[in-house]
Amino acid sequence: ALSNAFFLPTKRLLDDIKRLPERGGSAKLLLNGTDAAEKGFRLVAKRARKDYRFLLQGDKARDNLKIFEWHGDASKGVSSIHHKVWAFVDAAKDPYAIGSSNLDFHSLRRNSEGVLLIQDAKTKREMDQALRGDFAAPGVERIRKEQLPGRVKIFLQGIFPPRSWL
């Protein structure tokens with residue numbers, strides 16, 4: 001499971017995520033929606049939809065690759081995800097990561113970001129529970145391929161701004 005503020009990974013990482021179902025793996029992504037209050041989050045979320053279409057191609061992706069968008073929680077006055085958490089497999093022995101790094105060009109290539117990889121059974125169980133709560137929270141919507149704009153529109157949206165500008 002992954003919960004991240006910005007999702008514009010490198011082509012290599014996108015390819016690896018897309019191949020997860022073919023290798024027997026699965027992934028759940030919780031990302032900001034295109035209606036986030038902050039302009040930067042909205043721009044990235046709109047551009048990320050091109051990557052969603054790529055990731056959701058194929059029969060195995062339907063069941064093993066799930067993308068969710070969070071549309072905020074008005075009761076708490078929060079409109080976008082700011083935390084960055086990655087959990088590897090849903091088992092106590094597997095690590096999880098918390099850090100400042102987003103999955104975007106600047107965080108991965110230019111910014112000085114930090115990620116802490118933690119491997120502790122007790123805190124992993126607590127983190128898994130917190131992530132399950134995030135995915136089940138009000139305002140979370142699963143994105144399906146059928147909901148995404150057509151290829152031409154998504155292509156034009158992906159031209160500008162380029163991935164490296166965001």
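These numbers were taken from a predicted model, which means no experiment stands behind them.
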**Asked** Which residues pass the ring-ring contact (aromatic ring centres under 6.0 Å, His included) test with Phe68, sequence neighbours left out?
**Response** Phe135

**Message:** Main chain of Arg142, side chain of Lys66: is a donor-acceptor contact present, judged purely on distance under 3.5 Å?
**Reply:** no

**Request:** Indicate yes or no: does Arg19 engage Asp16 in a salt bridge with an N to O separation below 4.0 Å.
**Result:** yes

**Message:** Can you tell me how far apart CG (Leu2) and NZ (Lys28) are? Round to the nearest 0.5 Å.
**Reply:** 12.0 Å

**Message:** Can a donor-acceptor pair be found, under 3.5 Å and without considering hydrogens, that links the side chain of Asp120 to the backbone of Thr123?
**Reply:** yes

**Message:** Quick check: do Phe6 and Leu43 have side-chain heavy atoms less than 4.5 Å from each other?
**Reply:** no

**Message:** How long is the straight-line distance from CG of Asp51 back to CD1 of Ile17, given to the nearest 0.5 Å?
**Reply:** 9.0 Å

**Request:** For Lys18 and Leu14, run side-chain contact (heavy atoms from CB on, under 4.5 Å): C-alpha distance rounded to whole Å, both residues' side-chain angles, the deciding distance at 0.1 Å, then the answer.
**Result:** CA-CA 6 Å; Lys18 183 176 178 160; Leu14 269 177; over 6 Å; no

**Prompt:** Are Lys11 and Phe54 close enough that some pair of their side-chain heavy atoms sits under 4.5 Å apart?
**Reply:** yes

**Message:** Taking Leu20 as the starting point, is it possible to reach Leu65 by hopping between hydrophobic residues whose side chains are less than 4.5 Å apart?
**Reply:** no

**Gap separating the CD atom of Glu69 from the CG atom of Leu30, nearest 0.5 angstrom** = 9.5 Å

**Asked** Above 12 or not: heavy atoms from other molecules or residues under 6.0 Å from CZ of Arg12?
**Response** no

**Request:** Please report the closest heavy-atom contact between Phe41 and Ala5, naming both atoms and the distance.
**Result:** CE2-CB, 3.6 Å

**Asked** If you take all heavy atoms of Tyr52 and Asn32, which pair is closest and at what distance?
**Response** OH-O, 4.2 Å

**Prompt:** Looking only at heavy atoms, which two atoms of Gly25 and Asn64 are closest? And how far apart?
**Reply:** O-CB, 3.6 Å

**Prompt:** How close do Ala45 and Gly33 get, heavy atom to heavy atom, and via which atoms?
**Reply:** CB-O, 3.5 Å

**Fill in**
NZ of Lys145 to CZ of Arg53, rounded to nearest 0.5 Å, is 6.5 Å

**Prompt:** Which value, rounded to the nearest 0.5 Å, describes the distance between Leu29 atom CG and Ile143 atom CD1?
**Reply:** 11.5 Å

**Message:** Just verifying a value: how many Å separate Leu31 CG and Arg49 CZ, rounded to the nearest 0.5 Å?
**Reply:** 10.5 Å

